[in-house]
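Proteins get letters first, then strands, A, B, ... in listed order; numbering begins at 1 in each.
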Protein chains: 2
Amino acid sequence: MTKARPPRHLQFGNSTLDETDARIVAALDSDARLSMSELARSVGMSAPSVSERVRRLEAGGVVRGFTVDVDTRAIGYEIRAMVRIRPLPGKLHLVEKLIQEQPKFVECDKITGDDPFLARLVVHSIEQMDDVLESLSEHAVTSTAVIKGTSVKRRLPPL
Amino acid sequence: MTKARPPRHLQFGNSTLDETDARIVAALDSDARLSMSELARSVGMSAPSVSERVRRLEAGGVVRGFTVDVDTRAIGYEIRAMVRIRPLPGKLHLVEKLIQEQPKFVECDKITGDDPFLARLVVHSIEQMDDVLESLSEHAVTSTAVIKGTSVKRRLPPL
DNA sequence: GTTGAAAATAGCACGAA
DNA sequence: TTCGTGCTATTTTCAAC
């Protein structure tokens with residue numbers, strides 16, 4: 001009896017990608033709008049094969065979708081900040097809802113430690129940042145660190 | 001004398017987008033692989049016009065590119081964490097370099113406050129997380145918060 | 001910004017390895 | 001089961017307006 005490799009459709013969920021899938025994902029990460037033909041050329045396969053692999057990567061949950069990388073500063077959001085948020089006793093769910101409903105919070109993770117939330121905030125000005133933080137002050141304590149620059153731009157880990 | 005609106009090609013860099021551009025960017029954010037035809041239909045314009053607007057959004061720096069949203073858990077990175085990093089005296093640049101060269105740090109911002117760096121880390125296991133933090137311990141003090149979940153998935157601020 | 005034609009591409013069925 | 005070929009429909013691109 002030969003050592004069975006799990007069928008491809010079960011390989012997603014915890015495992016690694018094969019060489020070809022990794023190259024496809026990496027190529028799409030640098031330009032998600034590549035045509036299937038270009039993609040196929042860059043990995044040395046036919047377009048239908050690549051197309052099918054992308055479909056499976058999406059179906060398997062590895063690829064959640066394709067998005068645009070917008071420079072928020074270019075549209076007037078001059079200030080970015082990371083805000084740690086500690087709701088007052090009994091206000092955890094209320095505060096989470098307030099964060100979700102404030103669209104200038106562009107991302108928020110629930111984390112371990114003293115502060116349950118860590119959120120990314122973009123605003124047009126310091127005054128506007130103060131307004132947003134002020135609107136939470138009744139229900140939570142916040143610690144804000146303004147972003148001065150970027151050391152590592154969002155990237156994929158090793159595939 | 002009529003109140004002059006700045007010409008479109010100078011509008012990027014600090015201003016807001018017009019209604020159509022905002023709809024285009026929002027549509028691309030939810031699916032960056034939409035065809036120009038579909039995009040054109042959704043905003044009620046011809047394909048060449050939409051195509052030209054997208055080209056200008058890229059040239060103007062509003063759109064930096066198109067990326068894929070990968071679920072790192074689906075490829076085995078079970079643990080995500082936010083790590084605050086405070087280099088020891090004189091080691092700021094060395095530490096920044098170490099962060100940049102560790103591909104499991106998938107993002108890192110330079111921030112104000114006691115800890116100069118705030119980095120996002122993805123790892124396969126707690127043991128692997130410890131390895132990464134250990135590799136910095138000679139040059140920096142770290143504070144790690146494991147991500148338990150997400151309150152706000154990365155999204156665009158109001159356009 | 002729109003239209004229309006030519007080139008490129010995507011999607012499908014089918015056959016080969 | 002995965003990949004490649006050939007077909008048709010759709011899309012992209014460019015020109016002219």
Taking only Lys NZ, Arg NE, NH1 and NH2, and the carboxylate oxygens of Asp or Glu, determine whether A:D114 and A:R84 approach each other closer than 4.0 Å.
no

Atom CD of A:E38 and atom P of D:dT12: how far apart are they, to the nearest Å?
12 Å

Ignoring backbone atoms, test whether A:S37 places a side-chain nitrogen or oxygen under 4.0 Å from the OP1 or OP2 oxygen of C:dA8.
no

Sub-4.0 Å heavy-atom contacts from residues 39-49 of chain A onto DNA chain C, ordered by number:
A:R41, A:P48

Minimum-distance nucleotide (side-chain atoms of A:R56 versus C:dG1, D:dT2, D:dT11):
D:dT2

Please check if any side-chain donor atom of B:E38 sits under 3.5 Å from a side-chain acceptor atom of B:S35, or the reverse.
yes

Near-strand residues of residues 23-34 of chain A, defined as heavy-atom separation under 4.0 angstrom from DNA chain D
none

What integer distance in Å separates A:M36:CE from D:dT5:C1'?
18 Å

Roughly how many Å is it from CZ in A:R55 to C1' in C:dC12, rounded to a whole number?
13 Å

Between A:E107 and A:R80, does any NZ, NE, NH1 or NH2 come within less than 4.0 Å of an OD or OE carboxylate oxygen?
no

Looking at B:D29 and B:R154, is any side-chain nitrogen of the basic one under 4.0 Å from a carboxylate oxygen of the acidic one?
no

Could you tell me whether B:R55 and B:E58 make a salt bridge, using a distance below 4.0 angstrom between a side-chain N and a carboxylate O?
no

Hey, is B:R120 close enough to A:D109 for a salt bridge, meaning N to O under 4.0 Å?
yes

Are OP1 or OP2 of C:dG1 and a side-chain N or O of B:R53 less than 4.0 angstrom apart?
yes

Is it true that B:K153 and B:D69 make a salt bridge, defined as a side-chain N closer than 4.0 Å to a carboxylate O?
yes

Does B:S35 have a side-chain nitrogen or oxygen under 4.0 Å from the phosphate oxygens OP1 or OP2 of D:dT10?
no

A:A22 and A:L159 have their tightest heavy-atom pair at O-CD1, 3.7 Å

D:dT2 P sits how many Å from A:E52 CD, rounded?
8 Å

